[in-house]
Asks: 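This is the structure, below, for whatever I ask next.
Lettering follows sequence order; numbering is per chain, from 1.
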Number of protein chains: 2
Amino acid sequence: MSEEPFVWPKGVKKTKQRMEIFAVLEKSDKPMSAFSISKKLNGGTDKNTWLSTVYRTLDLFEKEKIITKISIMNQDMALYTLNRFAHHHYAVCVDCHSVIEMENCPMETFDPNLTDKNFRVLGHKIELYGYCNSCELQVEK
Amino acid sequence: MSEEPFVWPKGVKKTKQRMEIFAVLEKSDKPMSAFSISKKLNGGTDKNTWLSTVYRTLDLFEKEKIITKISIMNQDMALYTLNRFAHHHYAVCVDCHSVIEMENCPMETFDPNLTDKNFRVLGHKIELYGYCNSCELQVEK
DNA sequence: ATTACTGCAAAGCATTTGCAGACTG
DNA sequence: CAGTCTGCAAATGCTTTGCAGTAAT
């Protein structure tokens, strides 16, 4: 289940804040926004403090390949998720914006056929959109 | 090649601005940002005017299913493309942000397997990212 | 001690909104 | 003419940045 706990890069200080942010991401099975992370950190309070630190930490983690930043259609905030859980793709409800994980990846069996264009593929991002169960039921309103 | 020219929805006025914005999108084979559209409209000048109208028109077009709004990873601006060209997917250079179109769609032959989760899939969005040819050559810098 | 990090406040930037005047049908 | 649109300017909301004090190594 747990992979190696992950090593702090040298020169990077292991602060309380960073460890807490990591812990929050680790406990969540869904990608989180900077704001929702900071809310968790502040114990539910809406204190705006921390937010810039959260962003800076997320940038750092992303640079260090610890997390992945994803930006979802019609959602104004970026979401972040531990790479441990990465290479998952998501289905997003166009109504309530809830996020469901896809079990497998269409790209596993697909050749994008870009070699003639000299494009070196590093990765990919896939999103489905549609209606989740509860919003589907209310579509007529 | 050309599908039906598309009908203006009733109640929606056919103004000079809207027609020009449509024309710009029609001439471009790549998705464009609101800003780049407005630059084209202003004949290359950086006039900030128009921008809100461009956004409003793009929102309208999107609502009327004339265009599709896409938001690309690590790119802060939304991009818009005529649906006539839609259901294409893109490879984006992580360095210079140039956009290359993919010829075919991995989802054509893929079952996301979400029916058990009661998610009604309306559509999808796929992006590859990596290095385009010219950036690949400069990677060492 | 050094060097990196945090909190705070202020700035940036894409996008949205309010409003009065201008234009379409 | 009536009802929509446009331009302008100001507001919004997420994210970034500068700086002086604080904490990690």
Side-chain angles (χ1 to χ4, degrees), chain A residues 7-25 31-43 45-64 66-81 92 97, chain B residues 7-25 31-43 45-64 66-81 92 97:
Chain A
V7 236
W8 291 90
K10 53 218 116 191
V12 171
K13 292 185 176 168
K14 190 187 239 170
T15 65
K16 178 165 87 59
Q17 291 84 336
R18 289 176 176 174
M19 290 167 62
E20 287 183 27
I21 291 169
F22 183 82
V24 168
L25 285 167
M32 299 181 75
S33 69
F35 182 71
S36 61
I37 293 171
S38 97
K39 257 195 330 198
K40 273 260 162 60
L41 292 172
N42 290 310
T45 38
D46 259 23
K47 283 202 287 184
N48 233 22
T49 56
W50 279 81
L51 245 190
S52 59
T53 301
V54 171
Y55 277 111
R56 274 189 283 226
T57 302
L58 291 171
D59 284 354
L60 171 70
F61 284 179
E62 196 194 8
K63 211 161 292 159
E64 299 295 340
I66 295 166
I67 63 174
T68 297
K69 176 182 184 177
I70 58 185
S71 54
I72 288 191
M73 177 120 161
N74 294 330
Q75 183 124 3
D76 33 1
M77 294 184 295
L79 302 182
Y80 302 83
T81 188
V92 186
H97 296 152
Chain B
V7 237
W8 290 91
K10 53 219 116 192
V12 170
K13 291 188 175 167
K14 192 187 237 169
T15 66
K16 178 166 86 61
Q17 291 85 335
R18 289 176 177 175
M19 290 168 61
E20 287 183 27
I21 291 169
F22 182 83
V24 168
L25 285 167
M32 299 182 76
S33 68
F35 181 71
S36 61
I37 292 171
S38 97
K39 256 194 335 198
K40 273 259 162 58
L41 291 172
N42 289 310
T45 37
D46 259 24
K47 282 201 288 183
N48 231 24
T49 55
W50 278 82
L51 246 189
S52 59
T53 302
V54 171
Y55 277 111
R56 274 189 283 229
T57 302
L58 292 172
D59 284 353
L60 171 70
F61 283 179
E62 196 195 8
K63 211 160 293 160
E64 298 296 341
I66 295 167
I67 64 175
T68 298
K69 176 182 185 177
I70 58 185
S71 55
I72 287 192
M73 175 118 162
N74 295 328
Q75 182 125 2
D76 33 2
M77 293 184 295
L79 302 182
Y80 302 83
T81 187
V92 186
H97 295 152

Asks: Does A/Gln17 make a side-chain N or O approach to OP1 or OP2 of D/dA23 shorter than 4.0 Å?
Replies: no
Asks: Starting at CH2 of A/Trp50 and ending at C1' of C/dT6, how long is that distance when rounded to a whole Å?
Replies: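 Rounding to the nearest Å, CH2 of A/Trp50 and C1' of C/dT6 are 9 Å apart.
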Asks: Without decimals, in angstroms, what is the distance between B/Leu60 CG and D/dC5 C1'?
Replies: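 After rounding, the reported distance stands at 11 Å.
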Asks: Show me the side-chain donor-acceptor pairs of residues 15-25 of chain A shorter than 3.5 Å, one per line, residues at least two apart or across chains.
Replies:
| residue | atom | partner | partner atom | Å |
| --- | --- | --- | --- | --- |
| A/Thr15 | OG1 | A/Arg18 | N | 3.3 |
| A/Arg18 | NH1 | A/Lys13 | O | 3.0 |

Asks: Output all residues satisfying side-chain contact (heavy atoms from CB on, under 4.5 Å) with B/Ser36, sequence neighbours left out; order by chain, then residue number.
Replies: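 Partners of B/Ser36 under the side-chain contact (heavy atoms from CB on, under 4.5 Å) test: B/Met32, B/Ser33.
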Asks: What string of B, S and - do you get for nucleotides 20-25 of chain C, 5' to 3', when a contact is any protein heavy atom under 4.0 Å?
Replies: ----BS
Asks: Which value, rounded to the nearest 0.5 Å, describes the distance between B/Leu58 atom CG and B/Thr53 atom OG1?
Replies: 10.5 Å
Asks: Determine to 10° how strongly the helix from C/dA1-D/dT25 to C/dG25-D/dC1 is bent, judged from the axes of its five-pair ends.
Replies: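 Both end axes considered, the difference amounts to 40°.
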Asks: How many Å lie between NZ on A/Lys10 and P on C/dT3, as a whole number?
Replies: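 It is 19 Å, rounded to the nearest whole Å.
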Asks: Using whole Å, what does the distance between atom C1' of nucleotide D/dG7 and atom CZ of B/Arg18 come to?
Replies: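 Spelled out: CZ on B/Arg18 to C1' on D/dG7 is 14 Å.
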Asks: For a quick test of reading the model, state the closest non-hydrogen atom pair linking B/Tyr80 to B/Ile67 and the distance between them.
Replies: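 The pair with the smallest heavy-atom distance is CD2-CD1, 3.7 Å.
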Asks: Take the protein atom CG of A/Leu41 and the nucleotide atom P of C/dC5, then report the distance between them rounded to whole Å.
Replies: 17 Å
Asks: Just to verify, which of B/Thr57, B/Val54, B/Leu79 counts as forming a side-chain contact (heavy atoms from CB on, under 4.5 Å) with B/Ile37?
Replies: B/Val54
Asks: So if I define the base as every atom that isn't primed, P, OP1 or OP2, how would nucleotides 9-17 of chain C read as a B/S/- string at a heavy-atom cutoff under 4.0 Å?
Replies: B----SBBB
Asks: As an exercise, state the distance from CZ of B/Phe35 to OH of B/Tyr55, rounded to the nearest 0.5 Å.
Replies: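 Reported to 0.5 Å precision, the distance equals 9.5 Å.
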